[in-house]
2 protein chains.
Amino acid sequence: MDSDYPLEQTPARRRRNKVREAILAAAERMFAKEGESGLSIRRLAEEIDYSPSAIYKYFGSKEELLEELKDSFFERLLDQVDRVSAASRDFHDRARACVTTYVSTATARPHHYAAAFSSVPTPEELAIRQHLSWEDFIATSKGQAFKILVDLVEEGQALGVFDTTLDPLKAAKSIWASCHGLALLMIHMPILPDVQPCPAQSDDDFVAYHADIVMRGLAVPAETPHKNGPQS
Amino acid sequence: MDSDYPLEQTPARRRRNKVREAILAAAERMFAKEGESGLSIRRLAEEIDYSPSAIYKYFGSKEELLEELKDSFFERLLDQVDRVSAASRDFHDRARACVTTYVSTATARPHHYAAAFSSVPTPEELAIRQHLSWEDFIATSKGQAFKILVDLVEEGQALGVFDTTLDPLKAAKSIWASCHGLALLMIHMPILPDVQPCPAQSDDDFVAYHADIVMRGLAVPAETPHKNGPQS
DNA sequence: CTATTTTGGTGAACACTGTTCACTTTTTGA
DNA sequence: TCAAAAAGTGAACAGTGTTCACCAAAATAG
C-alpha cells in the first residue's frame, strides 16, 4: 500500500484531502457563527451534499472534528503571538504587542477561543496529566504559548525591567491568567468597558491599558514603598 | 386567587416548593459532577421519580433551570467575596483575601463557574446590552461583584497604596480579568503550577502570589523607574 | 356539600441529535 | 481482468429537549 516515497500524493489522496478540507471548511464556517451547539453533523453533511455517515469516513467523531478546529485555531493564535514576540522593537512595546495580539485574535473568534479552553478534566484525566514532563508540555500548542511568556519574562529580567526575584514560570502563569481572563471577559461580558459617563475608548485601547498594568506588576519594586511584594 | 397578604404559604405552595427544590437539588448534584452535557432532563426526572414532562411544570426549559443553578452559584460566590471584603483587616490582606476566595470558590465548583461565563452573545444581544445603565448593571450579580472591586480600588487609592491616576473602573476590570483568568486557567488547564523541578507549592499559594502581583500593578509607581505607566 | 376550575402529573409523540452497520458502488493495485 | 480496498449511502438505534392531549387530585366558588 505504501509507495516509494512516503509523501506521494496519489489522485485518490488528493481527492480525499479535498473532501476532508471541504468538511473542515464548512464546519469552520458553522462553528464560527453558531458555536459548538450550532455545529451539527447532519446539517454539516447537508451543507456539503454528503450523507451524515460519510463524515465518519473522515473523522472518528464530532469531538475529533471539533478538536481539529480548535487546535488549528490555537496554532494560528500561537503563530500570531510568536511573530510579534520575535519582532525587534522596544521590549515594552513588544511585550504589550504580545498581549494585545493574543487577546484580539482570541476575541476575533470567540467560539474558537472559548472552546479551546472548555473541557473540565475529570479526576482521572487530571491524574494522567499530572505526570507529564516539561518537554512533553512545551511540545503542545498551549505549552509553546506558555514558553513564549516564560522567555519574555526572562528577557525582561535580563533587561532589568522585571523583578529578578520572581520565578519566571510563576510570572508567566500570572501573565497568561491575566490575558486569558481579559479575552474571556470581553467574549462573555462585553459590556464593562465604558458603562458610564467616562470617556469611551475602544476595546483595543483597554487591552493595551491592561497589558501595561500587568507588566507593572512584574516591574522591579520601588526602594521602600510598602511590604507588598509577593513573598516566595 | 390572591390571598390577603401576598406572602402566605398555603400547603399547596409549600408542597410545590418542596418538589421544586428537589428538582434543583438533583440537578445541582448532577451538574456539579458532570456539567451541562451530563445534566439530562430525562435522567433528572428519573432520579427524582417523576416523568420528564413534569419538570416543565416547574421550569420553562432546561436553559431556565440551568440559569437558576448558575445564578444561585454566582450569588453564593458573591456573598463569600462580599463577606471577606467587609472584614476589618489590613488592606492588603483584605484585598488578597478577596482574590483568593473568589478564585477558590470558583475552582471548587468548576462546572458552575465555567458555565456562569459560557454564553457568547450574538450581535443582537450585544446591541441590547449596549444601552443598559450603570444602575441596571450593578443590580445584577456580576455587577455587584464588579462594584466590590471598584470600591476596593477606590479605597486603595484613598489609602495611598494604589495609583490615583488610574481610573477605578478600568483598574477594577483589570483585576477582574486577572482573577477570572486564573480561575478558568486552573479549571481548564490544571497542570501548569509545578510542572518542573521547582519547589512544588499548593494552588492556594499561587493564587495569593498572583493576587500580590496584580496588586503591585496598581501600586503607586516608583519615582523615575522607566516610562512604563499606562498612559490615560 | 356539591360543582367547577385550577393544578400536578403522565405517556405518547415530534423533531432533533451523534453514531453504527449492513450494503452497494466506485476506485485502486497487481 | 479480478480481487481488495475505499467511498458513500440509507436505515436504524439510542439518546436528547419539548409539546400536548389527557387524567386525576386538590383548591376554590356558589
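Lettering follows sequence order; numbering is per chain, from 1.
Between K57(B) and R15(B), the residue anchored nearer the 5' end of DNA chain D, judged by the nucleotide with its closest heavy atom, is K57(B). Along DNA chain D, the nucleotide closest to V19(A) and the one closest to E63(B) are compared, and the more 5′ of them pairs with V19(A).
At the phosphate of dA7(D), neither OP1 nor OP2 sits under 4.0 Å from any side-chain N or O atom of Y50(A). In this model, the phosphate group of dT7(C) is not approached by any side-chain N or O of R16(B) to a distance below 4.0 Å at OP1 or OP2.
Rounding to whole angstrom units, CZ of residue R14(A) and P of dA6(D) are separated by 18 Å. For the pair N17(A) CG and dA7(D) P, the computed distance is 10 Å after rounding to whole Å. With rounding to whole Å, L66(A) atom CG is found 12 Å from dG18(C) atom C1'. Here dA7(D) presents its C1' atom at 13 Å from CD1 of I48(A), a figure rounded to the nearest Å. Protein atom CD of E64(A) is 14 Å distant from nucleotide atom C1' of dG18(C), rounded to whole Å. Taking atom CG on L44(A) and atom P on dG8(D), their separation rounds to 14 Å, with Å as the unit. Look at CD on E46(B): it is 16 Å from C1' on dG17(D), rounded to the nearest Å. Here the C1' atom of nucleotide dT20(C) and the CZ atom of F59(A) are 18 Å apart, to the nearest Å.
Within 4.0 Å (heavy atoms only), Y58(A) reaches sugar-phosphate atoms of the nucleic acid but no base atom. The residue I55(A) sits apart from the nucleic acid: no heavy atom pair falls under 4.0 Å.
Using modelled atom types and a 3.5 Å distance limit, the side chains of H112(B) and E28(B) yield a donor-acceptor pair.
Remark: E68(A) engages R20(A) in a salt bridge, criterion side-chain N to carboxylate O under 4.0 Å. The existence of a salt bridge linking R43(B) and E34(B) is confirmed by a sub-4.0 Å separation between a basic side-chain nitrogen and an acidic carboxylate oxygen.
Shown here for Q144(A) and A139(A), the closest heavy-atom pair between the two residues is NE2-O, 3.7 Å.
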Are there any protein N/O atoms within less than 3.5 Å of an N/O atom in nucleotides 13-16 of chain C, and if so, which ones and at what distance?
unit_1: dA13(C); atom_1: N6; unit_2: R42(B); atom_2: NH2; d: 3.4

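Residue pairs meeting the salt bridge (charged side-chain N to carboxylate O under 4.0 Å, His left out) criterion with at least one partner in residues 51-61 of chain A, sequence neighbours excluded, are absent.
Classified by interplanar angle (parallel below 30°, tilted 30° to 60°, perpendicular above 60°), the ring pair Y113(A)/Y102(A) is perpendicular.
Side-chain N or O atoms of H188(B) include one that pairs as donor or acceptor with a backbone N or O of S119(A) at under 3.5 Å.
Of all nucleotides listed (dT18(D), dC21(C), dT19(C)), dT19(C) comes nearest to the side chain of P52(A). Side-chain proximity of I41(A) to dG8(D), dG11(C), dG18(C): nearest is dG18(C).
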